[in-house]
J.: 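Structure incoming, see below.
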Amino acid sequence: MSQRIAVIGAGTIGASWAAIFLARGHDVAASDPSPSGEAFARRFIDNAWPALEALGLVVPGASPTRFSFHATPAGACEGASFVQESGPEREDLKIEVFAAIDAACPADVVIASSSSGLLISRVTVKCKHPERCVIGHPFNPPHLIPLVEVVGGDKTSPEAITKAMEFYRALGKHPIHIRKEVRGHVANRLQAALWREAVSLVADGVVSVADADAAIAYGPGLRWALMGPHLTFHLAGGEGGMPHFMSHLGPAVQTWMDDLGAPRLTAPVQKAIIDGVAEEANGRTIPELQKWRDRKLIEILKVSNSA
Ligand SMILES: NC(=O)c1ccc[n+]([C@@H]2O[C@H](COP(=O)([O-])OP(=O)(O)OC[C@H]3O[C@@H](n4cnc5c(N)ncnc54)[C@H](O)[C@@H]3O)[C@@H](O)[C@H]2O)c1
């Protein structure tokens, strides 16, 4: 069913959300204080549209022309049935933005924050209706990546969680419910765990930045596009599955776990990673890499979304 969705903050993430909301046949009302905010969002949506069409995500009647831009969050929120906030990742700023959205929307409207790591219990301290507020954390770029992490705070109602999960599911997303507030939610913690070890191996001179990346992209990363680490190891156990994996390889994995590094992102370590990535990029600019990534992602998504 077509709804009006408010997008508050229309940068990298907000504009991408706007693109998928529009593709699924919704009206989108956006607001962003940047003087270039409207032009950026409109350009982003136009650029994203062919990929959304290629993935079959554009429903009949959907159009980028159903995007409107408003001077204030209150203007964008008028008549909206769902709000996706994607302003800067600063708790003090999000507290004010949430207070303004909360004041502008009837109490049954769910307000979701894209925040990568803030706690919704903190972000909503100035809201009159914190019970309808959730984290709805997407992955870059949200118009392509299916995962959305839904997290409630200490005052969030079960109804708000259910509504948010249903809303994202109807968009064609794959929402997961995170049952406790933890810093960085779940997927970013998993990414941080892996990156921590990659940084540690580079800092210890075990491997180059490019080869650490290759160790994922040409190896486990291919399987991880289809299944997570648990199901991957269930299959690594052969016909005995996870029970066999635990008894056969569990003790070895425990010794690897016990040996993992705990690096600090000191100035020399940062420099090693920055220089290593520049070498790996081999002259390819960030827009070039983004285009390449999105083109490949579409092909991966076509496979991983099918049975
Ligand atoms: N970039 C990522 O990979 C990523 C992934 C998932 C979630 N997020 C989260 O999404 C949110 C936005 O991140 P981003 O990468 O799009 O940042 P961004 O800097 O690209 O966009 C933020 C936008 O917010 C606008 N803004 C500034 N003050 C504002 C205000 N008071 N009210 C409303 N908008 C305001 C800015 O003009 C800008 O357009 C953050 O909470 C971030 O943690 C980012």
Side-chain angles (χ1 to χ4, degrees), residues 5-21 28-45 47-48 67-78 80 82-105 111-124 126-127 133-151 153 164 168 171 173-176 178 181-192 194-195 277 286-287 289-290 293-294 297:
I5 314 298
V7 165
I8 307 302
T12 308
I13 295 301
S16 178
W17 268 128
I20 184 71
F21 295 154
V28 172
S31 174
D32 190 297
S34 164
S36 55
E38 178 172 6
F40 172 83
R42 289 190 186 277
R43 201 169 53 243
F44 190 103
I45 292 160
N47 288 338
F67 177 83
S68 60
F69 197 84
H70 302 261
T72 60
C77 288
E78 216 179 302
F82 191 94
V83 181
Q84 185 77 40
E85 178 279 328
S86 306
E89 184 77 349
R90 269 183 36 208
E91 188 182 272
D92 57 338
L93 191 143
K94 286 215 198 271
I95 287 173
E96 297 308 323
V97 172
F98 257 71
I101 300 171
D102 180 65
C105 294
I111 309 172
S113 172
S114 298
S115 172
S116 301
L118 299 176
L119 307 184
I120 197 69
S121 299
R122 295 277 324 139
V123 167
T124 52
K126 288 196 182 169
C127 291
C133 297
V134 298
I135 295 287
H137 176 236
F139 288 79
N140 193 31
H143 68 280
L144 295 182
I145 304 282
L147 182 65
V148 183
E149 295 178 316
V150 175
V151 200
Y168 291 126
L171 271 187
K173 295 288 164 200
H174 190 108
I176 61 167
I178 293 170
E181 283 186 291
V182 285
R183 198 157 291 279
H185 318 313
V186 166
N188 275 341
R189 290 174 76 100
L190 293 172
Q191 293 203 104
L194 179 70
W195 196 48
V277 162
I286 287 176
L289 284 166
Q290 278 171 337
R293 175 199 64 189
D294 290 355
L297 257 181

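Start at 1 and go down the list; that is how both ligands and their atoms are numbered.
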J.: Measure Val97 to ligand 1 on non-hydrogen atoms and call it side chain, backbone, both or neither using the 4.0 Å cut-off.
T.: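 The answer is the side chain of Val97.
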
J.: For atom 19 (O) of ligand 1, decide whether some protein heavy-atom distance is shorter than 4.0 Å.
T.: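 For atom 19 (O) of ligand 1 the answer is no, since every protein heavy atom stays at 4.0 Å or beyond.
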
J.: Tell me, which protein residue and heavy-atom name are nearest atom 5 (C) of ligand 1, and how many Å apart are they?
T.: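 Going by distance alone, atom 5 (C) of ligand 1 is nearest to Ile13 CD1, 3.5 Å.
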
J.: So which of Ser86, Pro138, Pro35 gets nearest to atom 22 (C) of ligand 1, if we judge by its closest heavy atom?
T.: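 The residue whose heavy atom sits nearest atom 22 (C) of ligand 1 is Ser86.
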
J.: Where the side chain of Thr124 meets the backbone of Ile120, is there a donor-acceptor pair that is under 3.5 Å apart?
T.: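 Checked: pair present.
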
J.: Kindly indicate whether the side chain of Glu149, heavy atoms from C-beta on, has any atom under 4.5 Å from the side chain of Val186.
T.: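 Answer yes - side chains close enough.
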
J.: Of the listed options (Ile8, Asn188, Asp32), which comes nearest to atom 39 (O) of ligand 1 when hydrogens are ignored and any heavy atom counts?
T.: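 Comparing heavy atoms across Ile8, Asn188, Asp32, the nearest one to atom 39 (O) of ligand 1 lies in Asp32.
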
J.: Can you sort out the partners of Phe21 under ring pair (Phe, Tyr, Trp, His ring centres under 6.0 Å), two or more places apart, ordered by chain and number?
T.: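 Per chain and number, Phe21 pairs via ring pair (Phe, Tyr, Trp, His ring centres under 6.0 Å) with Trp17, Phe167.
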
J.: Flag His137 as yes when one of its N or O atoms lies below 3.5 Å from any N or O atom of ligand 1, and as no otherwise.
T.: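 Between His137 and ligand 1 (N or O atoms, distance only) the closest approach is not under 3.5 Å.
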
J.: Hey, is Lys94 touching ligand 1 through its side chain, its backbone, both or neither, going by heavy atoms under 4.0 Å?
T.: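 The answer is the side chain of Lys94.
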
J.: I want to confirm something. Looking only at heavy atoms, which of Pro88, Ala100, Gly117, Ser36 is nearest to atom 27 (C) of ligand 1?
T.: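 Among Pro88, Ala100, Gly117, Ser36, the closest heavy atom to atom 27 (C) of ligand 1 belongs to Pro88.
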
J.: Side chain, backbone, both or neither: which part of Pro33 has a heavy atom under 4.0 Å from ligand 1?
T.: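 Only the side chain of Pro33 comes within reach of ligand 1.
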
J.: Report yes or no: does a heavy atom of Gly37 sit under 4.0 Å from some atom of ligand 1?
T.: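 No, that is not the case, since the closest heavy atom of the residue is not under 4.0 Å from the ligand.
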
J.: In this structure, is the centre-to-centre distance between the rings of Tyr168 and Phe82 below 6.0 Å?
T.: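 Centroid separation for Phe82 and Tyr168: below 6.0 Å.
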
J.: Using atom types as modelled and distance alone, determine if a side-chain donor or acceptor of Glu85 lies under 3.5 Å from a backbone N or O of Gly87.
T.: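 Yes: the side chain of Glu85 pairs with the backbone of Gly87.
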
J.: Is it the case that more than 12 heavy atoms not belonging to Arg293 sit under 6.0 Å from its CZ atom?
T.: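 Count over threshold, so yes.
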
J.: Tell me, please, which residues at least two apart from His143 pass ring pair (Phe, Tyr, Trp, His ring centres under 6.0 Å).
T.: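 Result, ring pair (Phe, Tyr, Trp, His ring centres under 6.0 Å) vs His143: Phe44.
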
J.: Hey, which atoms in ligand 1 end up nearer than 4.0 Å to a heavy atom of Ser116?
T.: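 Listed by number with element: 6 (C), 7 (C), 8 (N), 9 (C), 42 (C), 43 (O), 44 (C).
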
